[in-house]
Amino acid sequence: MRKGKKLVTDPLSRSDKRPTDIPSNRDSFFEDVHDVVRQIPSGRITSYGAIARYLGSGLSARMVGWAMNASHVALPPVPAHRVVNRNGILSGKGHFATPSEMEELLRREGIQVINDKVIDFNTLFWDPGIELSLF
DNA sequence: TTCCTGACTCCAG
DNA sequence: CCTGGAGCCAGGA
């Protein structure tokens with residue numbers, strides 16, 4: 001029973017998760033976020049929550065979105081258009097240079113976008129908790 | 001210090 | 001499918 005409260009122990013969280021009170025080599029967590037996003041293959045997408053879970057359950061999905069605000073000046077470049085919300089909706093499109101840029105970039109990678117929503121989201125979904133666990 | 005906001009997500013209805 | 005409320009954590013006023 002969940003009782004409406006989020007589980008503290010997430011099955012996808014890793015044993016090496018870093019709560020915010022533990023210092024790490026990369027002291028800013030959006031370096032981690034950018035690092036994960038850079039590894040999303042072309043033509044694939046992931047969600048804010050998936051990244052948050054990969055980095056540790058102590059981080060919320062909102063913080064991933066917050067980190068993405070700095071992604072447009074990060075180097076090397078971060079393919080921010082490959083991160084959508086859990087429904088496949090392009091919730092971050094308003095933060096691109098033009099309202100259509102995010103959709104255009106996705107479409108260029110062969111992803112169909114209709115009404116601000118990614119088609120076949122489930123098939124194209126790239127979960128860092130699964131894909132990066134092979135390393 | 002408190003209060004509000006947000007590129008989110010989960011649950012209930 | 002949609003809506004509303006709660007939880008989430010960092011910044012800014």
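Here is the naming used below: chain letters follow the sequence lines, and residue numbers restart at 1 for every chain. Predicted, not measured: the structure shown is a model, and the values here were computed from it.
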Atom-to-atom span, [atom1] of [X] to [atom2] of [N] - whole angstrom:
X	N	atom1	atom2	result
A:Ile51	C:dC9	CD1	C1'	16 Å
A:Arg53	B:dT9	CZ	P	8 Å
A:Asp32	C:dC9	CG	P	16 Å
A:Asn87	C:dT3	CG	P	12 Å
A:Asn85	C:dC1	CG	C1'	14 Å
A:Met102	B:dA7	CE	P	12 Å
A:Leu55	C:dC9	CG	C1'	14 Å
A:Ile45	B:dA7	CD1	C1'	14 Å

If I compare all heavy atoms of [X] with all of [Y], which pair ends up nearest, and what's the gap?
X	Y	answer
A:Pro79	A:Arg38	CD-CA, 3.9 Å
A:Asn85	A:Ser91	CB-OG, 3.7 Å
A:Ala80	A:Met68	CB-CE, 3.5 Å

### Task
State which of B:dA7, B:dT9, C:dC8 makes the closest approach to the side chain of A:Ser60.
C:dC8
### Selection from C:dC1, B:dA7, B:dC10 that lies nearest to any side-chain heavy atom of A:Arg86
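Out of C:dC1, B:dA7, B:dC10, the nucleotide with an atom closest to A:Arg86's side chain is B:dC10.
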### Query
Would you find a donor on one side and an acceptor on the other, under 3.5 Å apart, between the side chain of A:Asp127 and the backbone of A:Gly129?
yes
### Message
Any side-chain to backbone donor/acceptor pair from A:His34 onto A:Ala67? Under 3.5 Å, distance only.
### Response
yes
### Query
Stem ranges for DNA chain C, with three or more consecutive Watson-Crick or G-U pairs under 3.5 Å?
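Stem segments, range with range: B:2-6 with C:9-13, B:8-13 with C:2-7.
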### A:Val84, A:Ile89, A:Leu90 screened by side-chain contact (heavy atoms from CB on, under 4.5 Å) with A:Lys117, the one that passes
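The option that passes is A:Ile89.
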### Message
Are A:Gln39 and A:Glu131 packed together at the side-chain level, in the sense that at least one heavy-atom pair is separated by less than 4.5 angstrom?
### Response
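With C-beta onward as the side chain, the pair stays apart.
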### Task
Determine the interplanar angle of the A:Phe30 and A:Trp66 rings, folded into 0 to 90°, and report it as parallel if under 30°, tilted if 30 to 60°, perpendicular if over 60°.
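Answer is perpendicular, since the angle exceeds 60°.
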### Query
Is A:Ser47 near enough to B:dT9 that one of its side-chain N or O atoms lies under 4.0 angstrom from OP1 or OP2?
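Answer yes for this pair, as a side-chain N or O of A:Ser47 is under 4.0 Å from OP1 or OP2.
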### Query
Got more than 12 heavy atoms from elsewhere within 6.0 Å of CD, A:Glu101?
yes
### Task
Check each residue of residues 63-80 of chain A for a non-hydrogen atom within less than 4.0 Å of any atom in DNA chain B, then write out the ones that pass by number, or none.
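Going residue by residue through residues 63-80 of chain A, the ones with a heavy atom under 4.0 Å of DNA chain B turn out to be A:Met63, A:Gly65, A:Met68, A:Asn69, A:Ser71, A:Ala80.
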